[in-house]
Enquirer: 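Can you keep this structure in mind? I'll have questions shortly.
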2 protein chains.
Amino acid sequence: MVAPSPFQRRPVQSRRGGPTKSPLSRDAIVTEALRQLTKFGLAGMSLRKVAAALDTGPASIYVYVDDLEELYALMLDRALASVELGGAHKATWRERVRRVLESYARVLAAGPGLAELALGTVAVGPNALRITERLLELLEEGGVELATGAWAVDLLVLYVTAVVAEHANGLDPAAPDGAVSRAIAGASARDYPRVHAARALLLSGSPEERFTWALDVFLAGILQTPRTARAGASKPAKRKP
Amino acid sequence: MVAPSPFQRRPVQSRRGGPTKSPLSRDAIVTEALRQLTKFGLAGMSLRKVAAALDTGPASIYVYVDDLEELYALMLDRALASVELGGAHKATWRERVRRVLESYARVLAAGPGLAELALGTVAVGPNALRITERLLELLEEGGVELATGAWAVDLLVLYVTAVVAEHANGLDPAAPDGAVSRAIAGASARDYPRVHAARALLLSGSPEERFTWALDVFLAGILQTPRTARAGASKPAKRKP
DNA sequence: ACCTGAACACCGTTCAAGT
DNA sequence: ACCTGAACACCGTTCAAGT
């Protein structure tokens, strides 16, 4: 017996309604939670506040949602619905991979909290699957074998999520007053000669520039590192002789 | 006026001591917090529990630490002290980069919570700087220019942190009973043909195999994608004609 | 100056009733 | 069956005193 996924569960018949209160529903809960999340960040959202906004007590939420973690998963997938996968365009497959990931990044960066939530939550809803499907398709178009593509999609999505989350946490390396800047600026030339020498470089570049560069790194690396033995690997594996 | 970094602050003279209570200290607080973190995970650690273990009330902690976030930063840097940077060996620079990152990954994976903490905390203590310094050195040895290396180190460390955190959160893609496995196994061939076709591949590979593969991807990509215009870029930038 | 108990303003989750 | 107020067992942080 396996617990059913939260994405496919018997609907619940609300008993509220009429003129005073709109009926509760999983949808309404997710919508309100997402509103709070994107407006106030992860710490600014809570089950209790969602319940209060929906004019009920905290216990009522549990009729529609098992726990906070499940709510997170539902929220994330709802948000991922607006990621644009692009149609059949004339752009290169690389360009189209970039666009999908940029759209994904933009969705996560829409407000504080979403990216943070994405890092701690496994995205396995239908919309996450749609994104995975699309990226596999584009990589296939680029000649990446399925075995390699399967791992590559993981890598790409994880990286983008982490970058946006780091950034959204106010850890913007570019922020000149942040802890990062101060630490790097304060690194002594004696103890950390390279950090010191590279201090301007470490803090340079807009998020977009870094993102674009990172994608180039990934795609170049992926094309050159198939999982199946093949010509082109820069360094033969040499594990089993 | 800039607030001083928590890593360089006037020490506090404890007034406890004698036979009954060992004196409070920032060190003792960090040690106990780290013990709780690696034993019980991030959710299993709290300022109140640390205070209780140190035989005092929660308010006492605030004499040594500004807030929870600062404590997190101190804990992370303390943990990073045990990352092995390796000496001058005969191994390739690539191999040595791999070893440093593997050591970093192993330290974060030592117990639940540490990697999770690392994702939400900017690592800017002396030990984080040591690691950055070392990686810059190794990349330099590999012929990577400083401008490229500066961004590359960020990329590498962020990825490794994210992988370990994802893994430590029980989101192990390999776990056959996890939400990930169920979602992928349940992806219909009609709606998600490639996810369906790749379902075994998406779940395949030990964490170590994936890690090793990802590093190969990164290093191959980094070598091929210098930030300064140079021969070898697989696709000319063509932004300013 | 260090140290602390008590209070403040919150959490997620469960229980026991209501309809 | 849905819905809910109240209770339970927690949080981080601040205040106002103690030494």
Side-chain angles (χ1 to χ4, degrees), chain A residues 3-4 6 9-30 32-33 36-37 40-75 113 116-117 120-121, chain B residues 3-4 6 9-30 32-33 36-37 40-75 113 116-117 120-121:
Chain A
R9 266 237 308 262
R10 180 187 55 78
V12 172
Q13 185 51 54
S14 170
R15 286 203 176 156
R16 282 181 13 175
T20 42
K21 291 185 175 186
S22 64
L24 274 184
S25 69
R26 192 188 297 214
D27 238 50
I29 291 168
V30 172
E32 173 58 24
Q36 290 185 11
L37 180 77
F40 308 115
L42 196 54
M45 185 222 110
S46 76
L47 279 186
R48 293 181 101 98
K49 282 184 201 156
V50 170
L54 262 27
D55 234 327
T56 184
S60 306
I61 304 295
Y62 287 85
V63 176
Y64 296 90
V65 146
D66 270 0
D67 55 17
L68 188 59
E69 208 184 324
E70 182 179 309
L71 179 56
Y72 283 161
L74 293 169
M75 291 164 71
E116 211 178 330
L117 186 153
T121 312
Chain B
R9 268 236 308 262
R10 180 187 54 79
V12 172
Q13 186 51 52
S14 171
R15 286 203 178 158
R16 282 178 19 173
T20 43
K21 292 184 175 189
S22 64
L24 274 183
S25 70
R26 192 187 298 213
D27 238 50
I29 291 169
V30 171
E32 173 58 23
Q36 291 185 10
L37 179 77
F40 307 115
L42 197 54
M45 184 222 111
S46 75
L47 279 185
R48 292 181 100 97
K49 283 184 200 155
V50 170
L54 261 28
D55 234 327
T56 183
S60 307
I61 304 295
Y62 287 85
V63 175
Y64 296 92
V65 145
D66 270 1
D67 55 18
L68 188 59
E69 208 183 325
E70 182 178 310
L71 178 57
Y72 282 161
L74 293 169
M75 291 164 71
E116 212 178 329
L117 188 153
T121 312

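Numbers restart at 1 for each chain; the letters A, B, ... are given by sequence-line order, proteins then strands. What you see is a predicted model; the values in this text were computed from it and never measured.
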Enquirer: Can you measure A/Leu42 atom CG to C/dG12 atom C1' for me and round it to whole angstrom units?
Expert: 14 Å
Enquirer: In whole angstrom, give the distance that lies between atom CG of B/Leu71 and atom P of D/dG12.
Expert: 10 Å
Enquirer: Counting only side-chain heavy atoms from C-beta out, which of C/dT13, D/dC3, C/dT4 sits nearest to B/Val63?
Expert: C/dT4
Enquirer: Could you check which of C/dT13, C/dT4, D/dT13 has an atom nearest any side-chain atom of A/Leu47?
Expert: C/dT13
Enquirer: In the structure I gave you, are the side-chain heavy atoms of A/Tyr72 and A/Leu42 within less than 4.5 Å of one another anywhere?
Expert: yes
Enquirer: Is there a side-chain contact between A/Arg26 and A/Glu70, using heavy atoms and a 4.5 Å cut-off?
Expert: yes
Enquirer: Could you please name the option among C/dT13, C/dT4, C/dC3 that lies closest to any side-chain atom of B/Thr56?
Expert: C/dT4
Enquirer: In whole Å, what is the span from the CD1 atom of B/Ile29 to the C1' atom of C/dC3?
Expert: 11 Å
Enquirer: Provide, to the nearest angstrom, the distance between the CG atom belonging to B/Asp66 and the P atom belonging to D/dG12.
Expert: 15 Å
Enquirer: Out of D/dC3, D/dT13, C/dG12, which nucleotide sits closest to the side chain of A/Tyr64?
Expert: D/dC3
Enquirer: Take the protein atom CD of B/Glu70 and the nucleotide atom P of D/dT13, then report the distance between them rounded to whole Å.
Expert: 11 Å
Enquirer: Any side-chain heavy atom of B/Leu117 sitting closer than 4.5 Å to one from B/Leu37?
Expert: yes
Enquirer: Using side-chain heavy atoms (C-beta onward) and a distance below 4.5 Å, is A/Glu32 in contact with A/Lys49?
Expert: no
Enquirer: How long is the line joining CG of B/Leu68 and P of D/dC11, in whole Å?
Expert: 12 Å
Enquirer: What distance, rounded to whole Å, do you find between the two C1' atoms, one in D/dA9 and one in C/dA9?
Expert: 16 Å
Enquirer: Counting heavy atoms from C-beta on, name the nucleotide in C/dC11, C/dT4, C/dT13 closest to the side chain of A/Ser46.
Expert: C/dC11
Enquirer: Side chain of B/Leu24 only, heavy atoms from C-beta on: which candidate in C/dC11, D/dC11, C/dC3 is closest?
Expert: C/dC3
Enquirer: Taking OH from B/Tyr62 and C1' from D/dA16, how many angstroms apart are they, rounded to a whole number?
Expert: 17 Å
Enquirer: In the strands shown, is C/dT4 matched to any nucleotide by a Watson-Crick or G-U wobble pair with both distances under 3.5 Å, and which?
Expert: D/dA16
Enquirer: Among D/dT4, D/dC11, C/dG5, which nucleotide has an atom closest to any side-chain atom of B/Ala59?
Expert: C/dG5
Enquirer: Starting the side chain at C-beta, find the nucleotide from D/dT13, D/dC3, C/dC2 nearest to B/Arg48.
Expert: D/dT13
Enquirer: Let's test this: given Watson-Crick or G-U wobble pairing with both distances under 3.5 Å, identify the partner of C/dA9.
Expert: none
Enquirer: Quick one: which of D/dT13, C/dC3, D/dC11 gets closest to the side chain of B/Lys49?
Expert: D/dC11
Enquirer: Would you kindly give the CD1-to-P distance between B/Ile61 and C/dG5, to the nearest whole Å?
Expert: 12 Å
Enquirer: Is any side-chain heavy atom of B/Thr121 closer than 4.5 Å to a side-chain heavy atom of B/Glu69?
Expert: no
